[in-house]
Amino acid sequence: MSGWLAVAGLGPGDENMVTPEVRMALAEATDVIGYFPYVARVAAREGLNLHGSDNRVEIDRADHALRLAAEGAKVVIVSSGDPGVFAMASALFEALEKRPDLHGLDIRILPGITAMLAAAAHAGAPLGHDFCAINLSDNLKPWELVERRLRLAAQADFAMGFYNPRSASRPHQFARALEILSEECGPDRLITFARAVSTPEERILTVSLAEATPEMADMRTVVIVGNSATRRVGRFVYTPRSA
């Protein structure tokens, strides 16, 4: 049996946002590997092995997938959103780099709708011009680097999307991020908190930086900060394409 390996994005939460390409790969798979909550989104069926694991074992997960595919399995590694955005595609290639014997393996990266883009769509069009995405977690990089990238992006007047803004283990860092944004952008800049986007628990809140508090964000929240031209129109927020 000829094995293959796909890394698939399941989108932000709503099953309607899973692409047909990803659905087809899951229908053909013999094994699905991923973080427990993402694997739980895949329906069990006869002939399908589900392998859930903890959130901080990405390389182990990738190694496991490579071994199974090399043995002939049809493997899908699942990520939320898009697998290439702060997710498993990069981890897979990091593991593959150490396995030149597997460089000829049939590997496919299947894109998905990111939480950031779903959040932007539900808020309006705050990413309508140049923007950047920054992961505010310091699990894989020093906080000093996060601060530097945040400050430079603000100085360059990018709209910004932030992943992993605030967790129980690092509640103080998002407060510091808000301080930097206020220093660089001023109190009137619009900031959108999009929690649990595309799920029944979705909540979209847009305020000024002066009104923003750290408690408005958690690990299920994507935060979007507009650029200097971002403004409201009715209940929506948008950034002009000429900004």
Side-chain angles (χ1 to χ4, degrees), residues 9-19 34-35 37-38 41 55 78-90 111-141 143 146-147 149-150 153-154 158-182 185 189-209 211-227 230-232 235-239:
L10 296 178
D14 186 341
E15 293 307 307
N16 290 323
M17 291 189 180
V18 180
T19 69
Y35 180 37
Y38 306 152
R41 291 178 57 185
N55 197 31
V78 288
S79 293
S80 65
D82 180 278
V85 179
F86 307 127
M88 278 301 301
S90 181
I113 297 172
T114 70
M116 177 181 65
L117 294 181
H122 288 196
L127 303 179
H129 199 49
D130 296 342
F131 69 89
C132 65
I134 301 175
N135 189 337
L136 295 184
S137 170
D138 62 349
N139 286 337
L140 298 175
K141 60 182 181 290
W143 175 250
V146 176
E147 284 200 12
R149 288 177 175 172
L150 177 59
F158 283 108
M160 294 167 272
F162 301 133
Y163 281 77
N164 301 317
R166 186 172 179 267
S167 70
S169 63
R170 46 181 183 82
H172 62 286
Q173 292 174 343
F174 187 57
R176 176 58 183 152
L178 289 176
E179 289 177 1
I180 293 171
L181 289 169
S182 295
C185 303
R189 186 69 56 91
L190 293 177
I191 179 170
T192 297
F193 296 86
R195 187 179 188 278
V197 175
S198 84
T199 76
E201 295 81 37
E202 175 177 302
R203 186 187 71 217
I204 307 290
L205 173 66
T206 298
V207 298
S208 69
L209 276 174
E211 299 169 306
T213 64
E215 294 74 24
M216 291 177 178
D218 62 13
M219 286 295 284
R220 296 189 68 194
T221 306
V222 173
V223 179
I224 297 177
V225 177
N227 72 10
T230 303
R231 49 191 181 263
R232 297 178 188 266
R235 63 184 178 87
F236 295 108
V237 176
Y238 87 104
T239 301

Measure the [atom1]-[atom2] distance between [X] and [Y] for me, rounded to the nearest 0.5 Å.
| X | Y | atom1 | atom2 | result |
| --- | --- | --- | --- | --- |
| Ser208 | Leu190 | OG | CG | 7.5 Å |
| Glu211 | Leu205 | CD | CG | 8.5 Å |
| His122 | Ile224 | NE2 | CD1 | 11.0 Å |
| Leu10 | Ile113 | CG | CD1 | 11.5 Å |

Do [X] and [Y] have side chains that get closer than 4.5 Å, going by heavy atoms?
| X | Y | answer |
| --- | --- | --- |
| Val223 | Leu136 | no |
| Glu215 | Arg166 | yes |
| Leu178 | Leu209 | yes |
| Arg41 | Val18 | yes |
| Met216 | Val207 | yes |
| Thr230 | Val237 | yes |
| Pro12 | Thr114 | no |
| Met160 | Arg149 | no |

Contact summary for [X] and [Y], nearest pair of heavy atoms:
| X | Y | answer |
| --- | --- | --- |
| Thr239 | Pro126 | OG1-O, 2.7 Å |
| Phe236 | Gly124 | CD2-CA, 3.8 Å |
| Phe86 | Ala133 | CZ-O, 4.0 Å |
| Leu127 | Ala120 | CD1-CB, 3.9 Å |
| Asp218 | Arg195 | OD2-NE, 2.8 Å |
| Phe162 | Leu150 | CZ-CD1, 3.3 Å |

Closer than 3.5 angstrom, by distance alone: can the side chain of [X] be matched with the main-chain N or O of [Y] as a donor-acceptor pair?
| X | Y | answer |
| --- | --- | --- |
| Tyr163 | Thr221 | no |
| Asp138 | Lys141 | no |
| Glu202 | Thr199 | no |
| Arg232 | Thr206 | yes |
| Asp82 | Gly112 | yes |

query = Would Phe158 and Phe131 satisfy ring-ring contact (aromatic ring centres under 6.0 Å, His included), going step by step from the backbone distance to the final call?
reply = CA-CA 5 Å; Phe158 283 108; Phe131 69 89; 8.7 Å; no
query = Checking side-chain hydrogen bond (donor to acceptor under 3.5 Å, both in side chains) for the pair Asn135/Ser137: CA distance, chi angles, key distance, verdict?
reply = CA-CA 6 Å; Asn135 189 337; Ser137 170; 4.5 Å; no
ask   = Would Glu179 and Ser182 count as a side-chain hydrogen bond (donor to acceptor under 3.5 Å, both in side chains) if you check the C-alpha gap in whole Å, the side-chain angles of each, and the deciding distance to 0.1 Å?
value = CA-CA 5 Å; Glu179 289 177 1; Ser182 295; over 6 Å; no
ask   = Got more than 12 heavy atoms from elsewhere within 6.0 Å of CZ, Arg176?
value = yes
query = Can you check side chain to side chain contact (heavy atoms under 4.5 Å, CB included) on Leu181 and Arg189, steps first, answer last?
reply = CA-CA 9 Å; Leu181 289 169; Arg189 186 69 56 91; over 6 Å; no
